[in-house]
2 protein chains.
Amino acid sequence: MAKQRVLLLGAHGETGETILEGLLKDGNFEVSALVQPSSVAKPTVQALAARNIPLVVADIKGPQDALVEAITGFDTIISTIGPASQLAQIPLVDAAAKAGIKRFVPCAFLTVCPPDGVMTLRSDKEKVYHRIWKHRLPYTIIDVGFWHQLSVFSVPSGKLNYGLLLDHKEIYGDGNTKSLLTDMRDIGSYVAKIIKDPRTLNQKVFTWSDELSQNDVIQMIVQKTGEKPVTKQIPDTEMYAAITRANAAIEKDASNVQAWILLTETEYNVSKHIRGDNTAAVAKYLGYLDAKELYPEFEPIPFEHFLDELVTGQAKKPYSVTNPDLIKMFHVGEDGLYALDTNTVV
Amino acid sequence: MAKQRVLLLGAHGETGETILEGLLKDGNFEVSALVQPSSVAKPTVQALAARNIPLVVADIKGPQDALVEAITGFDTIISTIGPASQLAQIPLVDAAAKAGIKRFVPCAFLTVCPPDGVMTLRSDKEKVYHRIWKHRLPYTIIDVGFWHQLSVFSVPSGKLNYGLLLDHKEIYGDGNTKSLLTDMRDIGSYVAKIIKDPRTLNQKVFTWSDELSQNDVIQMIVQKTGEKPVTKQIPDTEMYAAITRANAAIEKDASNVQAWILLTETEYNVSKHIRGDNTAAVAKYLGYLDAKELYPEFEPIPFEHFLDELVTGQAKKPYSVTNPDLIKMFHVGEDGLYALDTNTVV
């Protein structure tokens with residue numbers, strides 16, 4: 001049987017990389033990378049070329065005809081695109097409909113969250129889905145909960161910090177709300193299964209290994225390290241106030257990246273840890289298929305296993321290869337909320 | 001077993017009336033009517049009281065506490081509300097979540113159509129659904145295609161006009177696009193089945209008896225009457241131009257009812273007859289359950305049966321009891337597009 005021809009946007013990014021690995025490991029796919037002209041020179045893109053991944057260079061914001069021509073012949077398009085660029089997918093959706101793409105996987109890869117009124121990032125994604133549905137483009141939406149790699153608290157000795165994006169001490173709300181977790185390395189394995197599966201066509205699917213609260217995670221860290229993370233509890237009132245401040249700052253200056261990070265990360269934390277949206281029960285209410293039920297033979301990496309790797313020095317800091325600059329952009333201010341510099345936001 | 005306690009908003013309207021009849025005929029429901037204070041004096045509402053339908057008088061735009069108190073204790077709320085008032089349901093959704101309503105049936109009762117980018121009316125409904133999903137309120141969305149009663153062309157002798165809302169001569173597009181039809185009298189029967197059914201909780205369902213094109217309908221009319229409707233074909237380009245004109249008029253004056261009717265009816269016709277959204281295939285793509293598959297034992301009234309009734313003088317003009325004023329508002333201008341007075345719109 002001919003291999004499925006997949007075109008992957010964002011193959012050089014953190015989510016794209018795991019998807020690329022998952023598809024190549026599976027062996028049933030012929031994968032090309034859709035690259036923006038402005039990104040061709042990036043070392044991470046050149047690394048793809050060096051691995052003999054064919055590059056399809058086409059501007060998703062450019063003329064439709066050229067874009068349609070570039071993507072014609074692919075069976076499946078998978079989009080991973082930066083969180084601030086979700087709406088840039090709309091012309092790609094239009095082109096995919098014209099090109100007769102058989103399955104479009106938009107950039108979801110988010111926690112489970114209602115379509116609107118909770119997370120700006122989720123609402124942006126919904127606008128892209130609306131365009132897909134308007135075209136009746138065959139699609140699959142894949143959400144993945146939150147990554148193991150971003151869900152660990154630091155311990156006083158600092159021994160885990162080598163593998164953490166942040167020296168993370170904050171507990172949002174009471175810490176007892178359960179939240180779905182997936183090891184980022186499993187995203188690609190799940191995507192490979194999902195895009196071969198006719199049951200997932202025109203459906204939403206969520207992946208997960210565990211459903212854990214922040215306090216569950218802390219308890220596991222104590223067990224594994226013998227150290228108790230020094231935590232700071234952030235009440236929900238402060239989080240809602242930060243969302244209001246961030247929105248006001250964005251209203252004043254839409255290019256305020258600090259405000260955008262504060263908004264996005266705080267909305268994530270409200271949704272996951274206060275509202276409790278990111279659970280299997282809510283996913284089923286919202287009409288998702290459960291990847292664990294679809295693929296009972298696949299054993300996703302448990303959070304505990306990742307933690308063992310982290311404790312024994314075998315983990316890798318997220319974004320350290322794909323986007324080292326991003327690591328510098330994220331930090332938590334004295335008030336326990338994300339910001340580059342809270343003074344300029346507040 | 002205790003009867004399901006249903007609160008019906010809009011019981012005195014055209015869709016609400018069929019739902020009320022369907023629930024009462026079923027016999028397993030205790031139905032009350034949710035009435036706006038401004039509507040209590042209407043003869044159609046007083047007629048409900050005279051039939052011993054309990055009235056719950058509460059302002060859906062009023063204080064939340066009073067609304068929550070008024071609706072607490074009902075199992076199910078069904079909303080039928082005027083097409084221009086869809087967003088007025090949002091405080092009712094908020095109150096239903098607070099009151100612990102076990103199933104909320106928002107005002108869908110539309111043709112099948114993608115959530116956004118095609119029909120303004122459908123986009124408004126989606127905003128209400130977003131609020132439902134934000135609250136995780138248990139719900140069922142029920143769409144019904146288009147009514148038999150609004151899908152007949154007039155014949156030269158005028159013998160069908162007694163039962164038609166409009167002296168309808170227009171064919172939109174080439175007339176060959178299939179479209180789902182439900183007899184309006186069946187809506188209530190279907191609603192009764194659907195709201196008793198655990199399979200439909202947190203799902204979308206579509207009802208239908210037939211999937212017919214405008215040309216299919218004309219052929220049946222010729223067969224039944226021996227008369228050939230004199231039709232006028234409206235090209236899609238004129239329809240899209242009318243939508244642009246209507247939107248411009250609404251932009252200038254949001255209270256322009258003529259422009260609103262032109263927009264709504266033209267968008268309906270584009271969706272049904274040009275895009276072909278209102279089909280079983282599109283409904284399934286959009287994730288709907290098919291009421292015919294759910295209830296194979298129920299035989300909906302075929303379009304042909306309704307046509308027999310109409311031809312033999314047994315039909316009733318839609319809205320003639322519930323809203324005789326509405327009948328005066330609808331007419332088709334010389335250009336074949338809906339308007340009260342196209343001069344003021346164009």
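Every chain is numbered from 1 and lettered A, B, ... according to where its sequence line falls, protein lines coming before strand lines. Values below: every heavy atom of this structure, side chains too, minus hydrogens, waters and symmetry copies.
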Inset, instruction - Could you tell me whether the side chain of K134(B) reaches within less than 4.5 Å of the side chain of D116(A), counting heavy atoms only? - result: no
Legend entry - Proximity breakdown for E126(A) and chain B, heavy-atom pairs closer than 4.5 Å: side chain
Legend entry - Side chain / backbone / both / neither for R275(A) at chain B, heavy atoms under 4.5 Å: both
Inset, instruction - Looking only at non-hydrogen atoms, find the nearest pair between I132(A) and Y285(B) and report the distance. - result: O-OH, 3.4 Å
Inset, instruction - Go through L137(B), L286(B), V118(B) and name the one with the most non-hydrogen pairs under 4.5 angstrom from chain A. - result: L137(B)
Legend entry - K196(A) NZ: over 12 foreign heavy atoms closer than 6.0 Å: yes
Inset, instruction - Answer yes or no: does atom NZ of K102(B) have more than 12 heavy-atom neighbours from other residues, nucleotides or ligands under 6.0 Å? - result: no
